[in-house]
Every structure is written in C-alpha cells, then in structure tokens.
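Written below as structure tokens is the structure these notes are about.
Just so it is clear, the structure is predicted and the values come from calculations on it, not from any experiment.
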Amino acid sequence: MTMEPNSSSSHPQGVQENPENLNGGVLQPSEPPQPQPPMEEIQLNAGESWEIENPDLTLEDDPNYLSGSIVVLSAMALMILALGVDNITLGYASALATLVVSLRLIWSGWGKVWTTLIPASWRSLIIACFGILGSLIGLVIFSNANTENEISNITINWDAIGALGDLGGALGQILIAILAVYVAWRQYIISRDLTMQQNRITQQQTIDAYFQGVSDLALGEQGLLEDWPQERVIAEGRTSAIVKSVDSEGKAKILRFLSQAKLITPLQRDRHLGRPMLDGNGNYAEDRAHGVRVIDLGAMLAGADLSQTDLRRTDLSDANLVKANLRGCDLVRANLARSILYEANLSYTNLRAIRLFYGSPETASPRSRTLIPDFTTGEHTGAVVENADFTGVDNLSEENRYYCCAWCGSQSRKTIPGGCEGIPNKLER
C-alpha cells in the first residue's frame, strides 16, 4: 500500500519526493545546489562580458593586499629592531623582505591604477616614448662608434647616454605639459557642457514662464488680452524682450506657440467692442485685409537667427525678416505672405506648400507700404524676396518658383533651383 502524493500541493525547489511506504520510506531530498559567490556581469561592446566576484570588495579590502601590508609593516619593524640591536643579518633579511613584498604590492596594483587614471589613447603613447628612449640608448650602446681601437667588446659611452638621459628628461617634461594641457582641455569641455545644459534649463524655464503669462492674459475671466489694446501692448513688449534673449530653438518654440494660439494671425473684430469674432465653426474668423493681431511681431525677427529650426505651419505673414537666417529651416505649409525677406538666407530650407503670396503668381506682387493689398488677384500680397538666397531649397513649387524668379532680382535668380529661364524679371534690377 502506498500513499499518493497530493498533486495540488507545492514542493520546495530542489527536493524530489518519493512515495512513502509502510516500511517507513521517507522523502529523499536531492542534493541542494552549492552556494555561488555573488557575481556581477558587466556588458561590453560586441557581446563581451566580464564577471566580477563580489563587486563591493575594494582594493584595500582584498585579503592579499591586507596580508602584504602586514608583512611590509612587520618587516620594517624588524629592520628597525635590527638597527637597535646591531644585527646585520636580521637587518638585511628584513630589508630584502620589505623590498620584495612592496614590489609585489606595487606590481599587483599598478595595472588597476594604469587603466583607471590614464586614458587608453595615452597608454600606447607613453609606452612608445619609453620605447623610443630605450631604443636610442641601445643604439648608442651597441654602435661601433662607441668602440675604441676597433675592439670588438662593447664600450659604453656614458657621456652619450647622459645626453640621452637629458633628452629623455626633456621629453618627459614635454609629455607632462601635454598631459596637463589635455586635462585642462577636458575640464574646459566638461565645464562648457555643464554651462550649456544649465543655460538650456534656464531658457526653458523662462519660456515656460512667458507661456504661462500670456495664457493667463488670454484665458482670464474678461479676456483682456483679446479685448483691450493696453494688454496687447504689454504682451508684445514681453514677446519682444524674450525673443531677443533666447537662441534659435527658443525663438522657434515661441513662434510655434503664438501661431498655434492664433495670437499672431489677423482676426476679424467687432467694430464697436474690438472683440474677435467667430467663424461659425468654433474658431476665430481671419481677416487678412483688415484684421487685427493680438500680438504684432513687427520687426522683432529682423536679423534673427532661426537656422535649423522647425517652423512648420507657422503664420509669419507681415513679419519683418530682413537679413534673417532661415538656413535649413522646415517651413512646410508656413505662411510668409507679405513678409519682408530682403537679403534673408533661405538656403537648404524645405518650402513644401509654403505660401508666399495670394492669388495667381502672374498677377501677384510684393507688399507695398502705401497700396492696399488685393487678396483676390494677389497684388501687393506677396513676400519681399529681393536678394534672398534660395540655394539648395527643397520642394519649391512651380508657382512659388515663378513668383521668386519674377521678384527676387537678378542676383537671387542665380540661386533658385531649376533656374529662371523664360520667367521675366519684374523687379528690373
């Protein structure tokens, strides 16, 4: 008669159960696994790995180093004792023991110090310098110029070796100076990176505070930013101050925020109250001809550096971008109608679906200070592109290429991809 083990019961790992019989059979546990020392695996490149036993063990806690240190101290004590009792044999023995054990400790720990303190690129350089010095000494020793009266035995010219020693000392000083310059340069790089990171954090905090301030004005209970000119003037002053104090990426963040919030888009307003009107679809109605912007950029971006930034779908119409650096910008679907791009750098920008004018390219013309724009025909609705640099622009449509060739001037026509053959120069200069 046997007892069936309970299949639903759980068993400890590593224990193998045998059915218990009437003769007193008991469970036979399998041999427990041997405890393994704590291991830490360090992943390296190319799938390599190192395993380090007991990673918390430091160099000073190693038993070999502790025992070696005890031997050195004991041998030094014996050497001092030998000096006291005037025992030469004991003094020699203790001194040699101290020397041997100390060299053994230095040899064991030098490898770790060598790899920890000296970069890999400098190790081979230092070894090569010692190799050059040693090879020069060897050449001097084994040179026939060192022998006297053509004797075949090697005669060492100590003066030459001394001169090489002086040369080696000079080379060592030069190497130490180079190492000091390298350390100073690395400290400068680290300090520069930390400063740049701190500046980015500070700039982002400043931009966030600006966003919060403008949002509080726009989303207040009375909507003062949209209704009252004084609040709009204050918002423009804040915008002008912060645009001048941030880098190109910070400027792009501010412009994207203002554009998406419809704060730099001309809005249709009530003639009596001045409040923006809705278009019937839950959005503000735009009025390109007579609309009023909540924040007017004016000349805030004149000469600004906006290179390598993301300005997709940004409304920059009527903005003064004279001599602005837009090199490498992403201007997909951006609105630059009536903007001033005089001598602006537009090289290598992405101009897919960009708006430079309204109406037809044949009838469109750049903005005018005195003439009213006609958004049906495009007269005086276009951007001023005279002397702008269009080198390497991408995705320039045929309509925009025609407009740019017609109004950019003879100097800029040479930079437009695809050329301007067959397109008249309406600017006539």
Quiz item: Can Lys253 and Gln204 be said to form a side-chain contact (heavy atoms from CB on, under 4.5 Å), step by step?
Solution: CA-CA 10 Å; Lys253 290 179 180 179; Gln204 187 59 47; 2.7 Å; yes

Exercise. Apply the test side-chain contact (heavy atoms from CB on, under 4.5 Å) to residues Asp296 and Glu236: give CA-CA distance (whole Å), side-chain angles for both, the deciding distance (0.1 Å), then the verdict.
Key: CA-CA 7 Å; Asp296 190 356; Glu236 289 179 4; 3.5 Å; yes

Quiz item: Do any pairs count as a disulfide (SG to SG under 2.5 Å) and have a residue in residues 379-415, sequence neighbours left out, and if so which ones?
Solution: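 Residue pairs with at least one partner in residues 379-415: Cys405-Cys420.
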
Only counting residues at least two apart or in another chain, list the ones meeting side chain to side chain donor-acceptor pair (under 3.5 Å) with [X].
{"X": "Gln268", "value": "none"}
{"X": "Thr377", "value": "Asp374"}
{"X": "Glu386", "value": "Arg429"}

Non-hydrogen side-chain atoms of [X] and [Y] separated by less than 4.5 Å:
{"X": "Leu396", "Y": "Ile416", "result": "yes"}
{"X": "Phe257", "Y": "Val214", "result": "yes"}
{"X": "Tyr284", "Y": "Asp279", "result": "no"}
{"X": "Tyr358", "Y": "Arg338", "result": "no"}
{"X": "Met300", "Y": "Ile254", "result": "no"}
{"X": "Arg232", "Y": "Val292", "result": "yes"}
{"X": "Val332", "Y": "Asn395", "result": "no"}
{"X": "Ser102", "Y": "Val72", "result": "yes"}

Work out which heavy atom in [X] is nearest to a heavy atom in [Y]; give both atom names and the distance.
{"X": "Tyr348", "Y": "Arg327", "value": "CE1-NH2, 3.4 Å"}
{"X": "Asp305", "Y": "Lys251", "value": "O-CD, 4.0 Å"}
{"X": "Ile423", "Y": "Arg413", "value": "O-NH2, 2.9 Å"}
{"X": "Ser248", "Y": "Ser307", "value": "OG-O, 3.9 Å"}
{"X": "Pro361", "Y": "Glu399", "value": "CB-O, 3.7 Å"}

Would you give the length of the straight line joining atom [atom1] of [X] to atom [atom2] of [Y], rounded to the nearest 0.5 angstrom?
{"X": "Leu263", "Y": "Thr239", "atom1": "CG", "atom2": "OG1", "result": "8.5 Å"}
{"X": "Leu258", "Y": "Tyr210", "atom1": "CG", "atom2": "OH", "result": "4.0 Å"}
{"X": "Leu331", "Y": "Asp310", "atom1": "CG", "atom2": "CG", "result": "9.0 Å"}
{"X": "Thr314", "Y": "Ile354", "atom1": "OG1", "atom2": "CD1", "result": "10.0 Å"}
{"X": "Asn345", "Y": "Cys329", "atom1": "CG", "atom2": "SG", "result": "9.0 Å"}

Practice problem: Scan Arg288, Arg333, Arg293 and name whichever one has a salt bridge (Lys or Arg N to Asp or Glu O under 4.0 Å) with Asp315. | Solution: Arg288

Exercise. Would you list the pairs meeting side-chain hydrogen bond (donor to acceptor under 3.5 Å, both in side chains) in which at least one residue belongs to residues 169-193, sequence neighbours left out?
Key: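 Every pair satisfying side-chain hydrogen bond (donor to acceptor under 3.5 Å, both in side chains) with a residue in residues 169-193: there are none.
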
Self-check item: Pair Asn350-Arg312, side-chain contact (heavy atoms from CB on, under 4.5 Å): steps then yes or no
Solution: CA-CA 9 Å; Asn350 188 356; Arg312 291 175 295 177; over 6 Å; no

Quiz item: Between the side chain of Ser412 and the main-chain N/O of Ala388, is any donor-acceptor distance below 3.5 Å?
Solution: yes

Exercise. Apply side-chain contact (heavy atoms from CB on, under 4.5 Å) to Pro366 and list each qualifying residue two or more places apart in sequence or on a separate chain.
Key: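 side-chain contact (heavy atoms from CB on, under 4.5 Å) list for Pro366, sorted by chain: Val384, Tyr403, Trp407.
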
Quiz prompt | Gln212-Asp208 side chain donor-acceptor pair, cut-off 3.5 Å | solution =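 No pair is found: no donor N or O on one side chain lies under 3.5 Å from an acceptor on the other.
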
Quiz item: Applying the side chain to side chain contact (heavy atoms under 4.5 Å, CB included) test to Leu321, which of Leu336, Ile340, Leu297, Leu346 qualifies?
Solution: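 Among the candidates, only Leu336 passes.
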
Self-check item: Qualifying residue for side chain to side chain contact (heavy atoms under 4.5 Å, CB included) with Glu343, from Val322, Asn387, Asp389, Val385
Solution: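 So, applying the side chain to side chain contact (heavy atoms under 4.5 Å, CB included) to Glu343 and each of Val322, Asn387, Asp389, Val385, only Asn387 qualifies.
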
Quiz item: Do Lys262 and Glu286 meet the salt-bridge criterion of a basic N to acidic O distance under 4.0 Å?
Solution: yes

Exercise. State plainly whether the residues Arg256 and Asp330 are in salt-bridge range, i.e. N to O under 4.0 Å.
Key: no

